[in-house]
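Okay, so here's the structure we're looking at.
Starting from 1, each residue takes its place in the sequence as its number. In each ligand, atom 1 is the first atom listed, and ligand 1 is the first ligand listed.
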Amino acid sequence: MRYISTRGGMSPKKFSKILLGGLAPDGGLTMPETYPALGPAELETLRGMSYQQLAFEILSRFADDIPAADLRSMIARTYTAGSFQSEEITPLKTLEPGLHILRLSNGPTLAFKDIAMQLLGNLFEYALEKKDEELNILGATSGDTGPSAEYAMRGKRGIRVFMLSPQGKMSRFQTAQMFSLQDPNIFNIAVRGVFDDCQDIVKAVSNDYAFKQRYRIGTVNSINWARISAQIVYYFKGYFAATRSNAEQVSFAVPSGNFGNICAGHVARMMGLPIRRLILATNENEVLDEFFRTGCYRPRGASETVDTSSPSMDISKASNFERFIFDLTGRDAAKVKELWQAVDNGAAFDLAGTPLWEKVKDFGFVSGTGNHAARIAIIRKIRDQYGVLVDPHTADGLKVGLGHREAGVPLICLETALPVKFSESIIEAIGHEPARPAGYENLESLPQRYVVMNADSDAVKAFIVEKVQAS
Ligand SMILES: *Cc1c(COP(=O)(O)O)cnc(C)c1O
């Protein structure tokens, strides 16, 4: 399997060559040259497999330059009952016949991002060791990405993590998740500013090409192809758990922000998984819903992005969306380049009335938007009706998913975080705090390790230099 860029400007490369990188050199996203096709016989074989076996069958098709034994061993170390609370890794919870929640949030930071990130930690360590190289991951977080990246990279040889967060702006739970880590390769930097300041610092440091090369600065953002490929696995797992035969179709409802999670569902469908609908749910930041309703993709700026009670979806420019448009255009890189010329200049593109818009329906997408009142109502309703407590992001997925539910088609709603991370909304919905999973009871009272800095990229660079030289 080789990888190309959505904008056509990268010579084909193997998986290991794109693993550690971010954007392709031409500014596009990396994509497999073709999708591996799984026919009826292969689906039949996959149906009986454990999560780990399934992960190997899927990932070995994308990462075919990693020796099978090495990949198997990384998968075995990543997907354990110890890390994910069950042998099934992503168990299916049936609310009623034909309505399910796929539990993706039982990893170390209680959000679905752990599923891909935990594997990424092992893949990165493996690749760096082979090349005898180091990597300094610089990131900015306002919520789930930071903890997930730190728990994946803690204690990994050759890797340091420098994570910027806006001081005092994350929930106490999320702050404590990150700041309580005592691993010497994890550095938490609380920035006197807002999330955009943190992101600006990451951009400024990354744009200093000499610094970036010299100090081996990298990222773990959601455009990383390895993350997408690891997420494909649970679509298969969920499908097999919700059906008895491969003649059946299911629909998935996916709480979405950067289009990473649902992009993995799109790839699973392209590979031959019998998915009827991919139901995309946004919150009040409804840029993706607008596209799937009208054909117009109009990313918004920071000033038009609203703070909501499903904060991990407060995204107005969906970084993985270009991957879908690449497939929609029949993999026409010149067309993608033209469309993103507009996007990169802060403008919109509109496919309404063009032949491309007609084709969108062939890809199974439908969409909808949630809002605060609906989230609270759904959390209460699902608790009252089924005795199950969901978080506000999962609630957006359920709300939009139920709106598109079809008789006779099982609906699988993806659970993207546990309610304990967002206790304010839970209290509003049901009147008391959600129960805490074992091991998290005293999280906020653990000793914390972090530094505070001004929103100043030079200060952050100096800090990185100091830590790299000290070890
Ligand atoms: C990241 C995240 C999302 C959005 O996922 P994308 O892959 O960015 O679409 C939804 N819910 C939660 C809880 C998240 O952390």
Side-chain angles (χ1 to χ4, degrees), residues 29 101-118 120 139-152 165 170-171 173-174 177-178 195 220-232 234-235 252-268 278-289 291-292 299 305 308-324 365 367 369-370 375 378-379 390-401 413-423 425-426 434:
L29 304 187
I101 290 180
L102 188 61
R103 308 213 109 145
L104 305 178
S105 311
N106 287 302
T109 74
L110 313 181
F112 86 100
K113 291 191 170 67
D114 288 336
I115 293 182
M117 207 74 93
Q118 288 282 313
L120 203 66
T141 186
S142 61
D144 287 334
T145 309
S148 187
E150 292 191 354
Y151 277 75
S165 57
M170 288 188 304
S171 77
F173 188 92
Q174 287 171 324
Q177 278 188 315
M178 297 208 302
F195 175 62
V220 286
N221 48 27
S222 78
I223 56 162
N224 183 288
W225 175 260
R227 279 180 67 176
I228 304 286
S229 58
Q231 293 177 271
I232 296 168
Y234 54 70
Y235 282 89
F252 284 96
V254 188
S256 293
N258 267 320
F259 204 79
N261 197 354
I262 203 162
C263 183
H266 161 70
V267 177
L278 288 161
I279 304 168
L280 182 145
T282 66
N283 64 19
E284 292 88 334
N285 297 291
E286 39 76 87
V287 57
L288 287 168
D289 178 34
F291 173 79
F292 285 104
T305 308
T308 74
S309 50
S310 47
S312 299
M313 292 155 61
D314 291 349
I315 287 162
S316 306
K317 196 171 185 182
S319 44
N320 279 291
F321 186 55
E322 188 173 336
R323 290 196 156 109
F324 169 67
F365 281 88
S367 68
T369 291
R375 269 190 292 279
I378 279 275
I379 292 171
V390 296
D391 97 293
H393 305 78
T394 309
D396 282 326
L398 275 157
K399 147 124 201 315
V400 175
C413 298
L414 301 190
E415 170 209 67
T416 56
L418 289 196
V420 66
K421 299 192 86 170
F422 304 97
S423 50
S425 298
I426 302 303

Notebook entry, point to check: What class does the angle between the rings of Phe292 and Phe324 fall in, given that below 30° is parallel, 30 to 60° is tilted and above 60° is perpendicular?
Noted result: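 Judged by the thresholds at 30° and 60°, the geometry between Phe292 and Phe324 is tilted.
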
Tell me: protein heavy atom nearest [atom], and distance?
atom                    : answer
atom 7 (O) of ligand 1  : Asn261 N, 2.9 Å
atom 5 (O) of ligand 1  : Phe112 CZ, 3.6 Å
atom 11 (N) of ligand 1 : Thr416 OG1, 2.9 Å
atom 4 (C) of ligand 1  : Gly257 N, 3.6 Å

Next item on the list: Just go through Leu288, Thr145, Asn258 and tell me whose heavy atom is the nearest to atom 6 (P) of ligand 1.
Entry: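 Among Leu288, Thr145, Asn258, the closest heavy atom to atom 6 (P) of ligand 1 comes from Asn258.
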
Checklist line | Winner among Met313, His393, Arg227, Lys113 once heavy atoms are compared against atom 1 (C) of ligand 1 | finding: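 The option holding the nearest heavy atom is Lys113.
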
Where ligand 1 meets [X] - atom numbers and elements under 4.0 angstrom, heavy-atom basis:
X      : answer
Gly260 : 6 (P), 7 (O), 9 (O)
Asp144 : 12 (C), 13 (C), 14 (C), 15 (O)
Ala417 : 13 (C)

Item checked: Gap separating the CG atom of Leu414 from the CZ atom of Phe252, nearest 0.5 angstrom ->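 Going from the CG atom of Leu414 to the CZ atom of Phe252 covers 6.5 Å.
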
Next item on the list: Check the pair His266, Phe259 against ring pair (Phe, Tyr, Trp, His ring centres under 6.0 Å), reporting the backbone distance first and the verdict last.
Entry: CA-CA 10 Å; His266 161 70; Phe259 204 79; 7.7 Å; no

Check: Would Pro255 count as a contact of ligand 1 if the rule is a heavy atom under 4.0 Å away?
Finding: yes

Next item on the list: Classify the side-chain pair Ser165/Thr141 by whether it contains a donor and acceptor separated by less than 3.5 Å.
Entry: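 Side-chain D/A pair, Ser165 to Thr141: absent.
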
Notebook entry, point to check: Would Asp314 and Asn285 count as having a side-chain donor-acceptor pair, cut-off 3.5 Å?
Noted result: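 Their side chains do contain a donor-acceptor pair, which is all the 3.5 Å distance test asks for.
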
Checklist line | pair Leu120-Asn224: side-chain heavy atoms closer than 4.5 Å | finding: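 A side-chain contact exists here, since the closest heavy-atom pair is under 4.5 Å.
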
Notebook entry, point to check: In terms of side-chain geometry, is the basic nitrogen of Lys421 or Asp391 positioned less than 4.0 Å from the acidic oxygen of its partner?
Noted result: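 Salt bridge flag = no for Asp391 with Lys421.
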
Note to self: As a test of understanding, state which of Thr394, Asp396, Asn283 forms a side-chain hydrogen bond (donor to acceptor under 3.5 Å, both in side chains) with Arg375.
What the structure shows: Asp396

Notebook entry, point to check: Which bit of Phe259 is near ligand 1, meaning a heavy atom under 4.0 Å away: side chain, backbone, both or neither?
Noted result: backbone

